[in-house]
Amino acid sequence: MENRSQWGSRLGFLLAAMGSAIGLGNIWRFPAVAYENGGGAFFIPYLFALLTAGIPMLIMEFTIGHKYRSSAPRALKRISGGMEWIGWWQIAISFVISTYYPVIVAWASMYAYFSFSQAWGNNPESFFMNDFLNRTDPGTFGSIVPSVLWPMIIIWVIVFVILFRGVNKGIELANRIFIPLLLICFLLIVIRAVTLPGAFTGLEAFFAPDWSSIMDGSVWVSAYAQIFFSLSIGFAIMVTFSSYLPKKSDITNNAFITGFSNSSFELLAGIGVFAALGFMAAQTGQEVSEVVEGGVGLAFVVFPEIVSQMPASGLFGFLFFASLVLAGMSSMVSISETYIAGVQEKFNVSRRTSVLIGVGFASVVSLLFATQGGLVLLDTVDYFINNYGIALAGLIQVVGIAWFARELNNLQAHADSVSDILLGSWWQFSLRFITPLVLGYMMIQNLRTDMTSDYSGYPSEFLFNFGWMVAIGAMIFGVFITMKKWPNEK
Ligand code: PHE
């Protein structure tokens with residue numbers, strides 16, 4: 001594997017890892033999760049999760065990629081033949097996510113444009129659901145929505161070009177542009193937001209600690225879930241990215257830098273979002289608690305309202321949606337790279353062929369999410385693939401490595417041989433006990449909820465077909481493709 005692609009510099013790798021980690025999860029997920037789980041007090045479980053699961057897992061994935069220098073399934077196979085399927089399972093999960101993520105980026109890019117005219121008028125919710133998405137009843141698809149389709153095609157073309165140009169001239173270069181731009185856009189938003197009237201009330205609501213929440217198990221689970229999603233762990237991404245590191249590269253330090261940069265951006269997003277929410281509450285005479293939202297509701301309903309209430313607000317709206325686009329694009333590229341690398345190695349095709357196949361296939365599937373029923377489908381697939389994909393695959397991966405393959409000593413020796421910071425016993429302890437216990441507990445809780453009630457009240461049959469089946473299908477695919485032999489393997 002001597003001619004394996006490589007990052008051009010340490011910064012290039014770091015920017016790509018940060019680009020993957022800093023995504024929609026930072027901007028629209030973290031602020032609401034922190035607020036709902038104890039506000040200022042949430043930082044304790046959050047930091048704990050970062051140090052006992054996030055960074056340890058990141059170090060583990062970086063080390064696996066760096067040591068075994070291959071795509072996730074092949075690297076896992078090199079650790080133990082019985083683990084290859086986990087890598088494919090993660091790749092299948094990443095593939096699924098890569099079919100709906102560009103749809104959200106497409107919405108955001110249209111909204112960046114809408115910001116100037118405030119096309120959503122005085123009812124952003126109805127505009128989003130009825131005028132923009134032309135939404136149909138849950139469980140039906142209707143037809144493709146052109147105003148989503150066109151921006152999505154452009155996004156796919158950009159993703160295609162970036163991946164086609166390769167690791168160094170494509171992914172690295174793109175992140176060198178995306179990340180600084182994102183930082184500038186987002187800093188401008190935060191500065192504007194904190195100087196709005198009412199901003200302080202919003203920040204107060206965000207940081208006010210509810211200490212009793214620390215005793216609540218579900219708050220801890222939320223902290224771990226946020227860290228996992230936000231650091232792109234369990235997606236096969238970080239293994240793939242670190243497989244392109246030159247032999248002499250620091251691992252542990254890079255993991256700390258990635259982890260802390262990602263969390264800093266989350267904190268910054270929390271400040272920006274809550275300052276803006278405080279402004280909105282002040283303008284409408286509501287409590288901050290009444291206007292808090294996360295996810296799609298925050299970005300496409302609440303933010304447009306905030307924009308409408310601001311003086312000279314076109315630019316503010318544009319910057320907010322441009323940030324979503326930039327953060328989303330670099331995550332999108334990272335997630336697609338997992339299957340590009342996997343297909344390239346398993347089928348022994350050139351990188352370019354693999355990009356054609358991967359992006360071609362993913363973009364066709366993504367059309368389903370550009371339909372009138374796309375939002376409900378996206379919500380369902382996202383929920384199930386996160387809970388029974390990423391979290392479960394992450395759990396099985398860490399248990400496989402720590403307990404079955406008993407690989408932690410080897411990995412620690414490898415990481416220590418190239419890194420400035422040496423790993424202490426906290427690393428092995430975290431991966432052996434803390435991460436599996438928390439993830440296992442989380443899994444049981446989720447199963448309990450989803451076995452007894454229909455997620456979001458959607459029709460059961462729809463949830464079965466597009467929730468459970470997609471999540472289980474990804475796992476079956478993993479097992480299935482493992483049966484095919486690698487090139488030059490007898
Ligand atoms: N870390 C990303 C985020 O915070 C998660 C992600 C990565 C999602 C890659 C999709 C693709 O949004």
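Read the numbers this way: they start at 1 and go in the same order the structure lists the ligands and their atoms.
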Between Phe384 and Tyr455, how do the two ring planes meet: parallel, tilted or perpendicular, split at 30° and 60°?
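Perpendicular: the ring planes of Phe384 and Tyr455 meet at over 60°.
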For ligand 1, which atoms sit closer than 4.0 Å to a heavy atom of Asn26?
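That gives atoms 4 (O) of ligand 1.
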[X] and ligand 1 - part of the residue with a heavy-atom distance under 4.0 Å:
X	value
Ala21	backbone
Phe229	both
Ile237	side chain

Heavy atom to atom 12 (O) of ligand 1, shortest distance: which of Gly25, Ser20, Gly328 holds it?
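Considering heavy atoms of Gly25, Ser20, Gly328, the nearest to atom 12 (O) of ligand 1 sits in Gly25.
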Would Ser243 and Arg4 count as having a side-chain donor-acceptor pair, cut-off 3.5 Å?
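The criterion, which ignores hydrogens and geometry beyond distance, is satisfied for Arg4 and Ser243.
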Are Arg351 and Glu337 close enough for a salt bridge, meaning some N to O gap below 4.0 Å?
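Answer for the salt bridge query: yes.
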Can Glu345 and Lys77 be counted as an ion pair, charged N to O under 4.0 angstrom?
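Looking at Glu345 and Lys77, the cut-off is not met.
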Centroid-to-centroid, Phe114 to Tyr111, below 6.0 Å?
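Under 6.0 Å, so yes.
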What is the closest protein heavy atom to atom 7 (C) of ligand 1, and at what distance does it sit?
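Here the nearest protein heavy atom works out to Ser232 OG, 3.5 Å.
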What is the closest protein heavy atom to atom 11 (C) of ligand 1, and at what distance does it sit?
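For atom 11 (C) of ligand 1, the nearest protein heavy atom comes out as Ile335 CD1, 3.2 Å.
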